[in-house]
Engineer: 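Below is the structure I would like to discuss, written out as structure tokens.
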2 protein chains.
Amino acid sequence: MYTNQEMIIVARMYYEMNLTQKEIAEKLRYSRPTVSRIIDAAFKAGIVDVKINYPLDSVIELEDEIKRKYNLENVFVIPVYIHNSHLIQNDVGKAAANYLYEICDNKSILGVSWGTTLNGVVPYLKPKVLPNMKIVQLNGGAAKSTFSTGSVALLEKFSKTFSSDQYLLPVPSIVDSSLIADAIMTDSSIEYALDLGRRSNIAVYGIGNVSHNSVLYKGGYFKEGAYDELIAKKAVGDICSRYFSVDGQIVDEELNRRTIGLKLEELRKKDFSIAIASGIEKAESVKGALKGGYANTIFIDEELAKKII
Amino acid sequence: MYTNQEMIIVARMYYEMNLTQKEIAEKLRYSRPTVSRIIDAAFKAGIVDVKINYPLDSVIELEDEIKRKYNLENVFVIPVYIHNSHLIQNDVGKAAANYLYEICDNKSILGVSWGTTLNGVVPYLKPKVLPNMKIVQLNGGAAKSTFSTGSVALLEKFSKTFSSDQYLLPVPSIVDSSLIADAIMTDSSIEYALDLGRRSNIAVYGIGNVSHNSVLYKGGYFKEGAYDELIAKKAVGDICSRYFSVDGQIVDEELNRRTIGLKLEELRKKDFSIAIASGIEKAESVKGALKGGYANTIFIDEELAKKII
DNA sequence: GCAAAAAATGAAATTTTGTTCAAGTTTTGA
DNA sequence: TCAAAACTTGAACAAAATTTCATTTTTTGC
């Protein structure tokens, strides 16, 4: 591969001196395609970075309406520039990451769930040195199949960002019976993490929807037919792997009992109970979550906001 | 021109979604050249920004040698990636700007000169809210011809960066006679700024060289022949419009008396007396300045550093 | 309301950049 | 030490981006 020095020099000549690749090639005695490849490598190495400055200021009118309608303390509606789910998810994640930077302090206990929504937050976490802060996983993140949930990497990144200790929940979020769940929860380290989750003053979690694209489904957490049964029971979404209906009530008590992690009603006691969601397909899930009154703070995109009012 | 909205959308499609300009044109019903123009406008509007991450870590061996040789407290030698005077000047300016961010506090009185070297610092000033800090111009910055010195804009940017008050010296740095200089200095606001300059605990200034490209010369500060006379008297550089020889002594006492601004010996008393210079053509100027003992901190580029040891 | 000036537009030409592929070079492992 | 595999290279080609220029549209001043 190319050295950093090479990449820096070529990138600066290209982007700061505005030379063409041909001119750079002649000056530095590379061939023209090589210059093209070096620039490409500089991008991949993170030496070159294109930043687009655009406001993520919330859409205030929508915010106020949602705040009133669902009785929330803080609503952040992120503007949608382009109808593209990845960009939207990233923008919402970025806004949530900035908020966490603001509210976390050295006394905080931060509880986090996992999933694609939370993964959208991770790249934008801004380092803040809070060695006494604690970060705890709110629901089990062990995979049931080879399909990784990514929860370990997620917690890792959070704890690096804040230079703080992490407390993992290395168990599946849903097990086969409530007996197994109870047994697992007697393990002292699991018990400790669960207790820490209950004591956390900040909780951040994604609102999941009930679809065959969901990580929970793809992760092999459901037996043949069990997921469809959930759909039949009118489940519209999940928070921390706990499924609720459009009025925010748990749809399946038996399933709920064999789910390992924070109980939804606990979320109501948090100083910051921060729900994150993006994409219009989550409209019903978000409605359910908000009707349940689990969150006091929410980050959603503009399109989704319009769907839920 | 194009709206911000347009520029943001097109830029994001191009750089974040990696669509080609043709694809964007088709989606948004522009013509292909228009997309190209919008991207160009987004650059000019500062919406798109290409950032190249490269270390500006000092070249430690050179630093130590210069520190010893010239008895300095802090030496920053900025690596040279590409032999290009603009890039080098900017890198040195960036390093100095970062340093100012670190050392300035709410009690600081910051004295600054003006000129191309200082202009290289300005774009990199990082905002820091220090409303009680004071920023004062160290030497007169009024133009003698239509050629602007840019000192007003420079002070403006400094004061915005630190949210602090600025004290201008809206007089020429060199006048026709010492009598005129004395008269000007009796003006109360001028007197106040000069006094504040004397009391400043941080001084930042460029080291100028004696050449017909110098801003001072181009600015019309010298009568026909006067500049060549200065060269004949072995002037090698200036700080705050005061000319010195290679051993750091003032070369023309009469000229010095009709120069308005901080006296060089005052610089020796500062907590931070920060000299900035870049470009090998300034080797003799820097040697003179350092021999004079006016600075305790210096920012120079790697090539210049090699020339002065 | 109108003409002159200024700005925006897109087709076509030109320039620049990215990719393919075959040949050359280096690395790896027995 | 050697051969196979992996990587690197640049010529030739293909794709993409920019610029030119004539035309259309919009703005401005009277």
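Below, read A as the first sequence line, B as the second, and so on, with proteins coming before strands; counting in each chain starts at 1. When reading the values below, keep in mind they use all heavy atoms of this one structure, side chains included, and skip hydrogens, waters and symmetry mates.
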Engineer: Would you mind reading off the distance between B:I38 atom CD1 and D:dT19 atom P, rounded to a whole angstrom?
Structural biologist: 15 Å
Engineer: Starting from the first five and the last five pairs of the helix from C:dG1-D:dC30 to C:dA30-D:dT1, work out the angle between the resulting helix axes, to 10 degrees.
Structural biologist: 50°
Engineer: Atom CG of A:L19 to atom P of C:dT17: distance rounded to whole Å?
Structural biologist: 10 Å
Engineer: Is the ring pair A:Y227/A:Y217 parallel, tilted or perpendicular, if the boundaries are 30 and 60 degrees?
Structural biologist: tilted
Engineer: Name all pairs fulfilling the side chain to side chain donor-acceptor pair (under 3.5 Å) condition that reach into residues 117-127 of chain A, sequence neighbours left out, sorted by first residue then second.
Structural biologist: A:T117-A:K282
Engineer: How many Å lie between CD1 on A:I39 and P on C:dT16, as a whole number?
Structural biologist: 13 Å
Engineer: Round to the nearest Å and state the distance from A:R29 atom CZ to D:dT9 atom P.
Structural biologist: 16 Å
Engineer: Choose from C:dT17, D:dG10, C:dA13 the nucleotide whose nearest atom is closest to any side-chain atom of B:R32.
Structural biologist: C:dA13
Engineer: Table please: side-chain donor-acceptor pairs of residues 55-63 of chain B below 3.5 Å, with sequence neighbours left out.
Structural biologist:
unit_1	atom_1	unit_2	atom_2	d
B:S58	OG	B:E63	OE2	2.6
B:E63	OE2	B:V77	N	3.3

Engineer: Given atom NZ of A:K22 and atom C1' of C:dT15, what is their separation to the nearest angstrom?
Structural biologist: 9 Å
Engineer: Please state how far atom OH in B:Y15 lies from atom C1' in D:dA16, giving the value in whole angstrom units.
Structural biologist: 13 Å
Engineer: Just checking, any donor-acceptor pair under 3.5 angstrom between side chains of B:D91 and B:Y54?
Structural biologist: yes
Engineer: How long is the line joining CE of B:M1 and P of D:dT25, in whole Å?
Structural biologist: 20 Å
Engineer: Can you find a side-chain donor-acceptor pair between B:Y205 and B:N139 that sits under 3.5 Å?
Structural biologist: no
Engineer: When you measure from the side chain of A:S31, which nucleotide among D:dG10, C:dT16, D:dA17 comes out closest?
Structural biologist: D:dG10
Engineer: If you take all heavy atoms of A:Y101 and A:P127, which pair is closest and at what distance?
Structural biologist: CE1-O, 3.4 Å
Engineer: Check whether any side-chain N or O of B:T34 sits under 4.0 Å from OP1 or OP2 of C:dG10, and answer yes or no.
Structural biologist: yes
Engineer: Show me the pairs that pass ring pair (Phe, Tyr, Trp, His ring centres under 6.0 Å) and involve residues 11-51 of chain B, at least two apart or across chains.
Structural biologist: none
Engineer: Would you say D:dT8 has OP1 or OP2 under 4.0 Å from some side-chain N or O of A:Y2?
Structural biologist: no
Engineer: Just call it for A:Y30: base, sugar-phosphate, or nothing, with non-hydrogen atoms closer than 4.0 Å on any strand.
Structural biologist: nothing
Engineer: Can you tell me the distance, in whole Å, between the CG atom of A:D40 and the P atom of C:dT19?
Structural biologist: 7 Å
Engineer: Only counting residues at least two apart or in another chain, list the ones meeting salt bridge (Lys or Arg N to Asp or Glu O under 4.0 Å) with A:E302.
Structural biologist: A:K306
Engineer: For the residue pair A:S31 and A:T34, confirm or rule out a side-chain donor-acceptor distance under 3.5 Å.
Structural biologist: yes
Engineer: Look for any protein N or O under 3.5 Å of an N or O in nucleotides 20-27 of chain C and output each such pair with its distance, or none.
Structural biologist:
unit_1	atom_1	unit_2	atom_2	d
C:dT20	O4	A:R37	NH2	2.9

